[in-house]
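Here the structure is a predicted model, which means the values were calculated and not measured. Residue numbers begin at 1 in each chain, while the letters A, B, ... track the order of the sequences.
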Number of protein chains: 2
Amino acid sequence: MTTHRFDLHPWGIGWSCVQNSGWEERGQAHRESVFSLSNGHIGWRGTLDEGDPSAAAGSYLNGVFEEHPMPYAEDGYGYPEHGQTVMHVPDGKVIRLIVDDEPFDIRTGALVEHRQHLDLRTGILHREATWTSPAGRTVTVASQRLVSFTHRSIAAVRYEVTAGDAAVEVTLLSEIVADEPLPEVHSDPRVMDALREPFEPVSHHGAGGRATLVQRTRRSRIAVAVAADHLVTASQANAPEPHTEVTADLARTTVRARLELGESIGLVKCVGHEWSPALDDVALRDRAEAAVESAIEIGWDGLVDEQRQYLDEFWGRVDVRIEGAERLQQSARFSLFQVLQSAARAEVRSIPGKGLTGVGYEGHTFWDAEAFVLPVLTYTAPHAARDALLWRHSTLDHARNRAEQLHLAGAAFPWRTLDGRECSGYWPAGTVAFHVNADIAAAVVRYARATGDEDFEREKGVEILVETARLWCALGRWDDDGAFHIDGVTGPDEYSALVDDNFFTNLMAQRNLRAAADASRRHRDQASALGVAPEEIARWTTTADAMAFPWDAARGIPEQSAGFNAKERWDFEGTRDDQYPLQSHFPYFDLYRKQVVKQADLVLALQIAPDAFTPEQTARAFAYYDELTVRDSSLSASVQSTVAARVGQLDLAMDYFAEAATIDLDDLQDDVDEGLHVAAHAGVWNALVCGFGGMRDDGEMLRFAPRVAPPMTAFSFGMLVRGRTLRVEVQRDAVTYRLADGAALGIRHFDEEITLEAGQPRRLGIPALPDPGPRPSQPRGREPRRADAET
Amino acid sequence: MTTHRFDLHPWGIGWSCVQNSGWEERGQAHRESVFSLSNGHIGWRGTLDEGDPSAAAGSYLNGVFEEHPMPYAEDGYGYPEHGQTVMHVPDGKVIRLIVDDEPFDIRTGALVEHRQHLDLRTGILHREATWTSPAGRTVTVASQRLVSFTHRSIAAVRYEVTAGDAAVEVTLLSEIVADEPLPEVHSDPRVMDALREPFEPVSHHGAGGRATLVQRTRRSRIAVAVAADHLVTASQANAPEPHTEVTADLARTTVRARLELGESIGLVKCVGHEWSPALDDVALRDRAEAAVESAIEIGWDGLVDEQRQYLDEFWGRVDVRIEGAERLQQSARFSLFQVLQSAARAEVRSIPGKGLTGVGYEGHTFWDAEAFVLPVLTYTAPHAARDALLWRHSTLDHARNRAEQLHLAGAAFPWRTLDGRECSGYWPAGTVAFHVNADIAAAVVRYARATGDEDFEREKGVEILVETARLWCALGRWDDDGAFHIDGVTGPDEYSALVDDNFFTNLMAQRNLRAAADASRRHRDQASALGVAPEEIARWTTTADAMAFPWDAARGIPEQSAGFNAKERWDFEGTRDDQYPLQSHFPYFDLYRKQVVKQADLVLALQIAPDAFTPEQTARAFAYYDELTVRDSSLSASVQSTVAARVGQLDLAMDYFAEAATIDLDDLQDDVDEGLHVAAHAGVWNALVCGFGGMRDDGEMLRFAPRVAPPMTAFSFGMLVRGRTLRVEVQRDAVTYRLADGAALGIRHFDEEITLEAGQPRRLGIPALPDPGPRPSQPRGREPRRADAET
């Protein structure tokens with residue numbers, strides 16, 4: 001059983017240690033990830049203000065990366081030559097403290113008390129520390145930190161130190177630190193060599209309380225400006241003046257004061273972040289400094305107020321509430337907050353797998369941005385979903401080039417990337433995981449349908465749909481019986497590869513083709529401009545109609561891929577607990593040739609396209625694949641929870657939900673040091689809303705079929721639907737639908753169509769749950785970890 | 001049409017240029033490979049004596065390699081961490097010449113005439129050059145070079161310079177040069193960094209005409225000693241004395257003389273080569289110097305005589321003669337000579353894919369050593385076949401470790417290696433090409449049967465057969481119908497991968513299992529010592545009996561792998577000539593999912609196991625797969641020739657034979673710069689003997705069914721069978737079998753069993769060729785290149 005690492009709180013995540021327990025270095029990297037702040041443009045890991053000790057100091061800017069050569073033991077055609085890795089940009093969050101000439105360092109002296117608390121309602125990370133120096137002087141430090149949702153390039157710190165037991169001399173050194181070392185993001189030393197000191201200085205400036213560093217990456221030639229300014233606050237009269245020294249790699253603003261007992265001195269530090277792939281030193285610097293000037297004018301309290309207003313608006317519409325299970329309540333809100341943080345102000349930049357919380361996956365974006373994160377953003381922060389799709393659209397030329405290189409047509413979006421170019425160095429689970437294209441297309445369709453944003457669909461969406469549809473036509477082949485097959489690809493499950501007719505891929509491709517045909521008919525001018533003739537539209541439709549779907553007739557279930565269910569079953573009984581994740585203990589070839597599923601694949605098809613299956617097929621298929629799924633990926637538990645709930649296996653659904661909700665807080669995969677799993681956090685919302693809420697958006701009308709599962713006694717969630725706010729409040733026997741605003745909205749409640757009017761809640765009964773049959777079983781030792789559901 | 005690059009000669013390969021044509025730098029690397037000399041222990045590329053200009057100076061010692069890290073873009077379980085690359089050892093073949101203070105350099109002054117000739121009967125590389133220095137002095141240089149078959153560690157040069165038109169001062173600088181640069185054997189700069197200056201000096205010695213360098217590789221810790229001694233010959237009285245200077249990296253023996261017109265001075269240089277993985281500096285040096293001392297005592301003429309005797313003996317037994325097609329005659333002998341050179345004195349070391357003729361494939365050994373080269377050696381130089389199998393046996397511990405790492409049983413021999421450890425960095429065509437194990441087992445069975453070497457079988461063979469049989473049992477699986485399948489492997493065809501039930505693999509595995517059972521029954525003590533119980537033997541037999549073989553019932557032919565014949569056919573019509581080899585122009589995933597064959601796979605099964613198929617099945621299968629085979633590998637044409645001949649497609653067989661015979665001499669694959677394709681040379685013998693000769697060794701009795709194909713009018717070959725020499729002389733209408741010695745030998749001539757007595761030739765008629773039906777076709781643009789058959 002996992003020990004909970006964080007304090008329980010419905011609206012926050014806290015961690016504290018008191019004198020006797022001392023400092024836990026072991027968990028520090030994990031806490032830095034959990035306490036990360038981000039607005040999708042800037043990411044600040046939850047490091048201590050004074051910089052040391054730290055596991056990974058990380059400040060990130062979305063889109064700032066360095067290139068490196070890609071090493072191969074044996075080369076092959078079409079292998080990407082260059083990789084991309086997110087970089088530590090100059091770090092403006094550091095404020096060092098010197099007490100009577102001794103540096104404040106929690107590893108020395110005595111740490112009387114230390115608390116960190118991330119407040120999800122305000123978006124502020126609080127820290128308080130009481131420390132006695134080796135020389136016996138005690139001070140209390142209090143800091144708050146935010147990365148602004150309302151000022152995209154601004155992050156800010158309020159820092160205050162108070163003399164605790166006697167008069168002390170204190171010096172505050174507020175810094176911008178360049179060249180903070182990068183953790184080992186790649187096992188190849190040559191790659192790491194290329195990423196060592198990735199920035200070269202361009203210019204540096206400083207005077208009074210102000211400082212700016214401008215730097216540029218050596219290979220990718222991306223310029224970054226980080227500027228800071230300070231307000232000094234003091235409890236005594238005559239606050240001391242700051243002064244600043246700057247070199248190419250370090251800006252240091254110093255404030256000195258003598259504090260009598262109980263007196264305090266503080267700083268408000270506003271840090272502005274700008275970057276550009278085309279260097280204009282002066283323009284970049286001007287933008288960063290202007291942002292800082294504006295933030296300083298607003299002041300700390302103003303920034304905090306704006307942050308609070310932004311989040312009040314967010315939570316007011318889409319808060320998730322879970323009653324009867326405090327830890328689930330806490331983690332569900334934490335997860336939704338992380339999804340927001342990853343994308344709120346990304347603004348036509350990617351949503352990396354780890355957000356801006358660490359260097360895991362080298363900062364790359366994968367298919368799960370569209371398949372997991374965008375469904376949540378579409379209904380909770382649709383502007384952010386739009387921006388993410390605009391980013392994909394902006395990379396279409398790279399995707400077209402890649403398709404051409406592969407002798408295909410249309411666009412082949414990359415498996416992993418920072419700027420849109422393929423960075424996957426292992427093609428059996430990279431290049432050929434073509435489903436990423438259909439996942440992007442599905443996100444376009446979902447966004448357009450959920451928001452009614454016709455401008456987007458016409459100006460950008462059509463092009464994505466058309467180019468991805470073209471890819472499928474070029475990739476597949478017709479058999480003699482008139483069926484269309486997609487051979488030799490890899491689906492979501494990474495323990496299978498190079499399979500024929502992956503059901504998920506074919507289903508998503510079918511919908512992609514139909515959506516392209518549909519959108520091209522509705523936006524004839526845009527389609528024509530893309531060279532779409534009526535024959536091509538007809539071809540997409542006939543191809544979609546002819547799509548092959550592998551079927552296990554004996555079991556009456558869809559098959560993950562052609563022949564999958566006839567493969568040898570993995571020896572689960574002979575696999576020891578310490579041999580998971582399997583990929584770290586067995587060769588790929590053995591995983592690939594056997595029935596063993598890393599992560600929901602066919603079950604993800606059941607979740608995304610429930611209309612393609614009867615309820616009986618869904619239940620049988622879920623039970624069959626649950627026996628084979630080892631969940632060696634953070635992307636699986638939430639999907640299994642969703643489908644378990646839909647087939648009425650509520651107890652199992654809750655077990656999976658509890659696991660999904662704590663993957664990062666309890667570090668179930670032992671890799672949170674490198675950053676949070678944003679898509680897994682999105683999965684928590686998906687499981688709550690689509691699983692327990694029974695929400696389906698596969699038709700024109702949203703459908704709900706909610707059911708409460710113990711230990712929760714009730715839950716509710718909000719969604720933005722075509723500009724209106726819909727709240728769904730679920731209790732054991734009834735559900736209340738509240739439309740806050742806007743025109744009437746038709747939805748389905750179980751099999752009943754109803755129309756909601758703004759301000760007129762509808763309370764409807766929940767029908768009895770049919771007997772779902774026996775609980776599906778899992779591979780030995782891979783049962784879901786229920787522990788965390790109970791509090 | 002290819003221009004023939006070498007002079008036509010039945011017993012040699014010559015190349016010459018005269019004044020007007022000048023020096024062809026372009027073809028130099030190719031010529032260096034073609035003129036390589038080797039005895040399987042030492043390899044000397046056919047460089048010019050004076051060292052410069054050279055493409056790759058290369059002296060090699062079989063087994064001397066350096067380790068390097070293996071780079072991966074993305075890591076995986078079981079990927080080899082270290083690679084191995086053959087190294088340039090200190091090069092003792094260099095003799096520089098200075099004429100009146102001007103260095104002899106064919107790029108300066110005027111090259112009046114230059115000839116090189118490799119004499120296949122004597123094993124000597126001749127060179128003659130007449131050169132006028134920029135200052136107008138003309139000299140003639142004549143050298144002969146040999147790598148001794150009778151003195152394993154000795155290579156020698158006889159070098160003579162004659163004053164051509166006036167008196168000259170000449171200086172001969174005979175060197176041992178360390179750290180000659182390695183060509184780029186790997187695309188990863190980090191790997192090349194690890195291979196730069198791989199040797200560190202250990203000691204150096206020199207006096208009079210003698211010199212020795214001892215060095216050691218930095219990572220693999222292999223010590224090498226190269227020693228030289230010289231005899232000076234002069235046409236005038238009082239030959240000058242040599243003197244020697246040595247530094248850690250260079251030994252230089254100098255001889256100076258003034259030559260009057262027509263006078264000459266010469267050197268005989270004997271170079272000794274020793275190495276050891278465990279350094280004992282003194283012992284190593286002693287062995288190298290003792291070898292040199294002995295060679296000097298024998299003298300140049302003695303070494304030449306021994307070389308000639310060795311080759312007389314070889315050619316006397318197993319010469320291949322082709323009448324009516326001079327170029328085929330030349331290349332057939334060249335090919336057999338190269339097979340001999342690759343292995344004659346390897347003595348429990350590997351036979352690399354390129355022999356010791358270049359750095360191609362990093363000097364690695366592959367499955368083709370056993371599948372292509374050993375069949376030839378077994379019948380032409382059986383001691384060398386034995387040694388090669390002893391080497392595989394000596395690597396069994398590495399193979400057992402690899403099997404354990406892969407969670408298998410028995411032994412998993414490496415796909416590519418120098419010392420027995422897996423060095424393949426691309427597992428879909430490496431690790432999972434498990435057929436290498438059955439290829440080794442088949443070579444054991446063939447060798448034991450052909451030679452009657454029961455000691456070998458008992459002491460070494462049984463263990464190889466048992467451990468490989470164990471691998472197959474662990475690798476495959478039983479289905480519900482009682483069939484045994486081997487899933488997810490790669491067969492010989494590298495344009496398919498991760499297939500189920502590769503027919504070739506399963507057939508070879510079946511025979512491996514049966515051979516293990518058979519050998520274990522005959523050698524009970526050895527089997528018991530390996531832990532083989534009767535139940536295990538029974539298991540091998542039942543497993544072999546249950547082996548699954550994919551079959552295309554509609555076409556009545558075996559299928560390359562399960563489902564292969566239902567895959568999409570490659571768009572051969574849409575593939576341009578300049579898009580071959582396909583692997584350089586298309587991504588693997590696209591090759592893997594389509595019907596396109598890089599190299600004989602199912603057709604290799606037809607060649608190796610003709611008893612498994614009816615003649616009709618063979619003909620149909622050959623025709624079907626010939627349409628799909630693009631021959632992007634040097635291992636294909638000979639196999640296609642063999643099977644074409646067996647099914648009576650003699651014209652096509654000759655076309656393939658002509659191509660196979662000139663792959664290296666005409667550099668058809670544009671890669672001979674990096675060394676010769678030893679297995680392709682072996683294929684020439686296989687095609688002649690097993691194809692046109694119709695030789696089959698799949699039963700207890702050898703079978704022949706020879707047929708002459710135009711343009712050849714007759715051919716003959718010799719074989720060693722259980723210690724006896726059998727010669728087969730084929731004419732258009734009859735064949736004569738001659739047993740030279742030993743007890744009577746039963747063979748089959750077509751369907752007739754006959755008994756041969758020593759000294760009593762049997763002449764038998766050749767039955768009329770049944771109509772073989774239409775000539776099979778090939779992919780557009782990939783028809784065999786007939787041109788070279790005609791002279």
Side-chain angles (χ1 to χ4, degrees), chain A residues 69-80 83 186-191 193 405-408 423-432 434 475-479 485-490 497-498 500 562-563 566-568 571 574 579 582-594, chain B residues 69-80 83 186-191 193 405-408 423-432 434 475-479 485-490 497-498 500 562-563 566-569 571 579 582-594:
Chain A
M70 285 279 265
Y72 298 101
E74 301 186 22
D75 278 333
Y77 175 85
Y79 288 12
H186 201 287
S187 62
D188 191 286
R190 186 165 66 99
V191 171
D193 284 351
Q405 185 184 32
L406 300 175
H407 302 283
L408 296 170
C423 293
S424 170
Y426 176 63
W427 67 264
T431 298
V432 302
F434 286 105
L475 187 66
R477 58 128 179 160
W478 294 84
D479 71 12
H485 299 273
I486 302 173
D487 292 340
V489 304
T490 298
L498 312 189
D500 296 340
K567 293 202 290 186
E568 185 176 3
D571 178 14
Q579 289 179 311
L582 297 178
Q583 68 192 51
S584 301
H585 299 90
F586 295 91
Y588 279 128
F589 92 85
D590 208 19
L591 296 164
Y592 286 176
R593 68 198 189 127
K594 291 178 179 167
Chain B
M70 285 280 265
Y72 298 101
E74 301 186 21
D75 278 332
Y77 176 84
Y79 289 11
H186 202 287
S187 62
D188 190 287
R190 187 165 66 99
V191 171
D193 285 350
Q405 185 185 32
L406 300 175
H407 303 282
L408 296 169
C423 293
S424 170
Y426 176 63
W427 67 264
T431 297
V432 302
F434 286 104
L475 187 65
R477 57 125 182 164
W478 293 85
D479 72 11
H485 300 272
I486 302 173
D487 292 340
V489 304
T490 298
L498 312 189
D500 296 339
K567 293 202 290 185
E568 185 176 2
R569 186 171 279 232
D571 179 15
Q579 289 179 312
L582 297 178
Q583 69 192 57
S584 301
H585 300 90
F586 295 91
Y588 279 128
F589 91 86
D590 208 19
L591 296 165
Y592 286 176
R593 68 199 188 125
K594 290 178 180 166

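- Among the candidates B:Y79, B:Y592, B:F586, the residue making the largest number of heavy-atom pairs closer than 4.5 Å to chain A is B:F586.
- Top candidate by heavy-atom pairs under 4.5 Å with chain A, chosen from B:Q583, B:K594, B:R477, is B:R477.
- For A:P71 against B:D188, the heavy-atom pair with the smallest separation is CB-OD2, 3.2 Å.
- Among B:D487, B:L498, B:D500, B:V191, the residue making the largest number of heavy-atom pairs under 4.5 Å with chain A is B:D487.
- Most heavy-atom pairs under 4.5 Å with chain A: of the set B:P69, B:P189, B:C423, B:P428, this distinction falls to B:P189.
- Checked against the 6.0 Å centroid criterion, the rings of B:Y77 and A:H585 do not qualify as a close aromatic pair.
- For A:H485, no part sits under 4.5 Å from any heavy atom of chain B, backbone or side chain.
- Heavy atoms closer than 4.5 Å to chain B are found nowhere in A:A429, neither backbone nor side chain.
- By number of non-hydrogen pairs under 4.5 angstrom with chain A, the leading residue of B:Q405, B:H186, B:M70 is B:H186.
- Both the backbone and the side chain of A:F589 have a heavy atom closer than 4.5 Å to some heavy atom of chain B.
- In this pair, A:Y426 and A:Y588 present their aromatic rings parallel. The plane angle is below 30°, not in the 30 to 60° band.
- Per-residue heavy-atom pair counts under 4.5 Å with chain B were compared for A:P587, A:G488, A:G78, and the maximum is reached by A:P587.
- Between A:F434 and the options A:L475, A:T490, A:I486, a side chain to side chain contact (heavy atoms under 4.5 Å, CB included) holds for only A:L475.
- At a 4.5 Å heavy-atom cutoff, the contact between B:E568 and chain A is made by backbone and side-chain atoms alike.
- Neither the backbone nor the side chain of B:A497 comes within contact range of chain A; no heavy atom of the residue lies under 4.5 Å from a heavy atom of that chain.
- Here the closest heavy-atom approach between residue A:Y72 and residue A:P80 is recorded as OH-O, 2.6 Å.
- When every heavy atom of A:S424 is checked against every heavy atom of A:G430, the shortest pair comes out as OG-CA, 3.3 Å.
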